Amino acid sequence: MKIATWNVNSIKARMHAVTAWLEEAKPDIACLQEIKTVDDAFPLMEIEALGYNVAIHGQKSYNGVAILSKLPFDEVSPRLPGDDEDEQARYLEVVVSGKDGPVRVASIYLPNGNPVLDDPMESPKYTYKLDWMARLKTHAAELLKNEDPLILAGDYNVIPRAGDTHDPKAWWGDALYRPETLQAFQALKYLGLTEMFEQFDGRDGQYSFWDYQGGAWPNNLGIRIDHLLLSPQAADKAKGIVIHRHVREGQKPSDHVPVVGEFNL
DNA sequence: ATGACCGATTGCATCGGA
């Protein structure tokens, strides 16, 4: 089973690239982020025509996540628990039936968190990010009790290691790469989750995002921020991970590329 | 790491993104 994550930066503006990639890569499950639309305006028919079931947790203009799956959904749950006031559509979880039982998959759009002001703990966007990461940890701990394969896939807006950016000194202090962020990411992993790229590849300089600005793509000034986190039961069935870098070369590309994990599930 | 981007909006600039 191939399970992918991709921040598409608007599903409507990206349909040409999304359909081309689905036909080429044939993921069984694709977790999408930043669909930037309400559920009703999602181009459902075109995706279903390619053989996918679609779960959507959308929002007007910003954020929004979706999961496309060749297998039918046994369960669909939008929203990350822990804050009923949180209106931002950044989390969607589904369960499908794999060949050995249930497989739980989440599409995650973790807050960016910038700007970080002089006092990080007085920076509203940054504290929202840290709060969100704490909620994700609490929820992941709950899900891990199931002892079923669990894949938390998404745009984490976290640069895990110095080798995951072209210029660690320039990025240090940014909301994506600073002590509190890395500590929260590490705390998530200490629950027993495996970061799939770290496990199966681990090379430096393997990016999943290049800014539209400043010649970032032609100069390969990227960062790796799109990740798959695996429960032990998912890690046991994991076979490998590939970053679909070539997708960034297409017409009107997203600034992120798909990251695809393969599993014996 | 932003002089030179991109997308959404009810817009003819502003915001958010990373």
Side-chain angles (χ1 to χ4, degrees), chain A residues 5-19 21 31-43 56-66 86-91 107-118 120 123-130 132-133 153-182 184-185 197 205-227 243 245 247-259:
Chain A
T5 181
W6 189 14
N7 179 322
V8 295
N9 185 20
S10 168
I11 187 65
K12 283 185 257 180
R14 211 64 60 213
M15 272 308 273
H16 63 290
V18 171
T19 54
W21 174 75
C31 299
L32 307 183
Q33 299 88 34
E34 275 206 280
I35 61 172
K36 291 187 171 179
T37 181
V38 292
D39 297 19
D40 290 347
F42 190 98
I56 310 164
H57 179 40
Q59 178 185 337
K60 187 180 166 78
S61 308
Y62 303 116
N63 309 316
V65 286
D86 187 357
E87 299 292 331
Q88 300 189 29
R90 296 178 173 276
Y91 186 91
S107 181
I108 289 173
Y109 179 41
L110 206 146
N112 175 301
N114 281 307
V116 182
L117 311 175
D118 290 340
S123 313
K125 298 247 175 106
Y126 191 55
T127 55
Y128 174 64
K129 177 179 195 154
L130 293 178
W132 207 93
M133 292 181 85
D155 174 0
Y156 279 75
N157 273 311
V158 173
I159 300 169
R161 313 166 305 165
D164 297 318
T165 158
H166 58 96
D167 191 348
K169 287 204 177 73
W171 278 96
W172 187 246
D174 188 279
L176 280 63
Y177 188 54
R178 54 180 296 112
E180 303 90 335
T181 303
L182 296 184
F185 190 63
F197 181 88
Q206 301 299 301
Y207 307 133
S208 65
F209 167 90
W210 296 260
D211 203 298
Y212 290 120
Q213 300 180 71
W217 167 246
N219 295 304
N220 194 28
L221 308 179
I223 52 179
R224 190 174 68 86
I225 55 175
D226 299 276
H227 311 303
I243 301 177
R245 189 178 204 281
V247 172
R248 191 66 171 77
E249 293 165 352
Q251 295 290 322
K252 300 275 276 175
S254 170
D255 39 9
H256 296 249
V257 297
V259 179

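A, B, ... follow the sequence lines: proteins, then strands. Residue 1 opens every chain. FYI, side chains are in, hydrogens and waters are out, and symmetry mates aren't considered; it's all heavy atoms of this structure. Computed from a prediction, not measured in an experiment: that's the story for all the values here.
- Backbone-only contact: A:D167 has heavy atoms under 4.0 Å from sugar-phosphate atoms and none from a base.
- Within 6.0 Å of the CD atom in A:E249, the count of heavy atoms belonging to other residues, nucleotides or ligands exceeds 12.
- Taking side-chain N and O atoms only, A:R14 has a distance below 4.0 Å to OP1 or OP2 of B:dG7.
- Remark: A:R90 is in phosphate contact with B:dG17, judged by side-chain N or O atoms under 4.0 Å from OP1 or OP2.
- Here A:N157 reaches the OP1 or OP2 of B:dA18: one of its side-chain N or O atoms lies under 4.0 Å away.
- For A:S10 and B:dA8, the shortest distance from a side-chain N or O to OP1 or OP2 is below 4.0 Å.
- With A:W210 as the fixed residue, the side chain to side chain donor-acceptor pair (under 3.5 Å) test singles out one of A:D255, A:N219, A:N220: A:N220.
- Here the nucleotide nearest the side chain of A:K36, chosen from B:dG16, B:dT9, B:dC5, is B:dG16.
- Dashed line: the shortest gap from a side-chain N or O of A:H166 to OP1 or OP2 of B:dA1 is not under 4.0 Å.
- Candidate nucleotides B:dA8, B:dC6, B:dA18 were compared by shortest atom distance to the side chain of A:K12, and B:dA8 ranks first.
- The side chain of A:Y109 places no N or O atom within less than 4.0 Å of a non-bridging phosphate oxygen (OP1 or OP2) of B:dG16.
- Geometric assessment of A:R248 against the ring of A:Y207 yields a negative cation-pi assignment under the 6.0 Å and 45° thresholds.
- A close approach under 4.0 Å does occur between a side-chain nitrogen or oxygen of A:N7 and OP1 or OP2 of B:dA18.
- The shortest distance between the side-chain N/O atoms of A:N112 and the OP1/OP2 oxygens of B:dG17 is not below 4.0 Å.
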